[in-house]
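Worksheet for the structure shown next.
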Amino acid sequence: MTSISNASAQEKKNTTGSKATIAIVLVTSLFFIWGLTMNLVNALNSPFGNYMELSSTEAALLQVAYYGAYFVMAIPAGAIAKRFGYKGGVISGLFLFAVGSFIVIPATNAASYGLFLFAMFVIALGAASLETNCNPYITKLGDEKGESFRLNMAQSFNGVGNIVGPLILAQILSQTIAPGQAGFDEAKTKFLGDTQHIYIVIGIVLVVVLLVFAFFKLPTPPGDEEEAESGSAGDASFFGLLKRPYFALGVLAEFIFIGLQVAGMAMFSAYALAHWGPGVTAGLAATMLSILSLLFTIGRFVTTPLMAKFDPAKILGVYMTITAVLMVVVFLGLGKISVIAFLVAYLFISIGYPTIFSLTLKGIKGSAAKTGSSALVMSIVGAALIPLLLGAIQDAAGIEIAMLVTVPGFLYLAWYAFWGSKIGLKES
């Protein structure tokens, strides 16, 4: 009885108080960092393609290198976390992140796109390791009722990073000069130099953050301590987790969600150019895309406090249903009305990733949570596969049909939120 009381007191001490608060602040700062770099990579795609004189396929390799690394690193990152704890996983992620940032120096000096792709791959290995560890750590560091709230709040700063990355690049990029035009070589040299400076600063900041984490003792989430004391992780394997229907359905939901989210962002500019009407330009479409990203971030900040009062699963279900309806409006091609519907949809899409993540890991602790997190991070490969599918549909049948195909996906996400996330939960 005494040991149970001591364990309970220790768990409460670990998940409340100043140390837990500092840990949450430190880990949340990492969400901002990898959000910034992820959208910085997307923003670099076009200028790199121009100044390195790449084909569209070659330029697209930037995203392949980045998202591919998530698929490659998810399982090793989970294994590191099991062996060395969440802190070990975070430090290894920061190390890889910093190394990749510094590889940008020789890549830009040599104007080598191949070496730059390798640098982005290493950076993404670090980001994948951080995401594999930070998402479940924030989710589990506290009471189960507040899991979705904590992860959505942390992911809100990821959204802020998504906006800041392109803004930083916009400050250093002057008007793009096409190959063959006067001043191209000078503009290319300036672009590569500015890109190098950005990643040098990122690398230095990451080294400082790594040292902070190295010397700070992260509190242990409940479940990890119990596992350590008992010496048993139970069935923490991926196949063991698949016996829980809500987990298997959740991994599929995350795969579909991240694919639809990224595909929509990739297709928005083309849709706006086709449907906004007279006077629309590529510049206006790009501005509207930044508004879309802003609405996405606002959606997270506005909705997160609601999760402390209402069931996060029900909020997600309502949001995904609204998104499905808005995508039908997008399919109908009603000019400005449909473009605005596309923009507003991202206000509701905003909470999808973190909320699905926390619902999928509900009731899963210790090593099993680390394994589950690895599977969920691997599902980010949906960001590479689903856009390819929708792009093929767009080429064959038009962008409107491609947007209609997203509707069943969002309806599945709504079904998962309302019902699928509860199948087998009580028996777990």
Check whether any side-chain heavy atom of [X] sits under 4.5 Å from a side-chain heavy atom of [Y], and report yes or no.
X: Phe255; Y: Val251; result: no
X: Ile202; Y: Tyr199; result: yes
X: Val27; Y: Val90; result: no
X: Ile386; Y: Thr406; result: no
X: Ile24; Y: Met153; result: no
X: Phe213; Y: Val209; result: yes
X: Phe331; Y: Val407; result: no
X: Phe357; Y: Pro136; result: yes

Under the 3.5 angstrom rule, does the side chain of [X] hit a backbone N or O of [Y] as a donor-acceptor pair?
X: Ser338; Y: Val329; result: yes
X: Tyr346; Y: Met265; result: yes
X: Ser358; Y: Thr355; result: yes

Answer yes or no: does atom CZ of Phe301 have more than 12 heavy-atom neighbours from other residues, nucleotides or ligands under 6.0 Å? yes
I'd like to know whether CZ of Phe95 has more than 12 heavy-atom contacts from other residues, nucleotides or ligands below 6.0 angstrom. no
Determine, step by step, whether Val207 and Phe102 satisfy the side chain to side chain contact (heavy atoms under 4.5 Å, CB included) criterion, reporting the C-alpha distance in whole Å, the side-chain angles of both residues, the deciding distance to 0.1 Å, and the verdict. CA-CA 11 Å; Val207 169; Phe102 291 127; 4.1 Å; yes
Of the non-hydrogen atoms in [X] and [Y], which two are nearest, and what is the gap between them?
X: Ala214; Y: Lys87; value: O-NZ, 3.1 Å
X: Leu151; Y: Pro354; value: CD2-O, 3.2 Å
X: Ala74; Y: Met378; value: CB-CG, 3.1 Å
X: Ala345; Y: Thr323; value: O-OG1, 3.9 Å
X: Ile258; Y: Ala383; value: CG2-N, 3.9 Å
X: Met52; Y: Ala111; value: CE-O, 2.9 Å

Just do the side chain to side chain contact (heavy atoms under 4.5 Å, CB included) check on Leu241 and Thr371 with the steps written out, would you? CA-CA 8 Å; Leu241 289 175; Thr371 301; 4.0 Å; yes
Check for me whether the distance between the ring centres of Phe310 and Phe149 falls short of 6.0 Å. no
Would Tyr319 and Phe348 count as a close aromatic pair, with their ring centres under 6.0 Å? yes
Contacts table for residues 390-401: side-chain donor-acceptor under 3.5 angstrom, sequence neighbours left out:
unit_1, atom_1, unit_2, atom_2, d
Glu400, OE2, His275, NE2, 2.6

To the closest 0.5 Å, what do you measure between [atom1] ([X]) and [atom2] ([Y])?
X: Thr303; Y: Ile298; atom1: OG1; atom2: CD1; value: 11.0 Å
X: Ile315; Y: Met307; atom1: CD1; atom2: CE; value: 5.0 Å
X: Lys362; Y: Arg244; atom1: NZ; atom2: CZ; value: 13.0 Å
X: Ile364; Y: Ser373; atom1: CD1; atom2: OG; value: 10.5 Å
X: Cys134; Y: Leu26; atom1: SG; atom2: CG; value: 10.0 Å
X: Gln261; Y: Ile349; atom1: CD; atom2: CD1; value: 7.0 Å

Please tabulate, for the side chains in residues 408-420, all donor-acceptor contacts under 3.5 angstrom to protein atoms that are two or more places apart in sequence or on a different chain.
unit_1, atom_1, unit_2, atom_2, d
Tyr412, OH, Leu249, O, 3.0
Tyr416, OH, Tyr246, O, 2.9
Tyr416, OH, Thr360, OG1, 3.4

Show every donor-acceptor pair shorter than 3.5 Å between a side-chain atom in residues 115-133 and any protein atom, with sequence neighbours excluded, or say none if there are none.
unit_1, atom_1, unit_2, atom_2, d
Ser129, OG, Gly89, O, 3.0
Ser129, OG, Ser92, OG, 3.3
Glu131, OE1, Trp34, NE1, 3.3
Glu131, OE1, Tyr70, OH, 3.3
Glu131, OE2, Asn135, ND2, 3.4
Glu131, OE2, Tyr353, OH, 2.9
Thr132, OG1, Ala128, O, 2.7
Asn133, ND2, Ser129, O, 2.7

Test side chain to side chain contact (heavy atoms under 4.5 Å, CB included) on Val208 and Val205; report intermediate values, then the result. CA-CA 5 Å; Val208 172; Val205 169; 5.8 Å; no
Within 45 degrees of the axis of the six-membered ring of Tyr86 and under 6.0 Å from its centre: does Lys370 put its NZ or CZ there? yes
Using side chain to side chain contact (heavy atoms under 4.5 Å, CB included), reason through Thr108 and Phe191 one step at a time and then give a plain yes or no. CA-CA 9 Å; Thr108 49; Phe191 167 71; over 6 Å; no
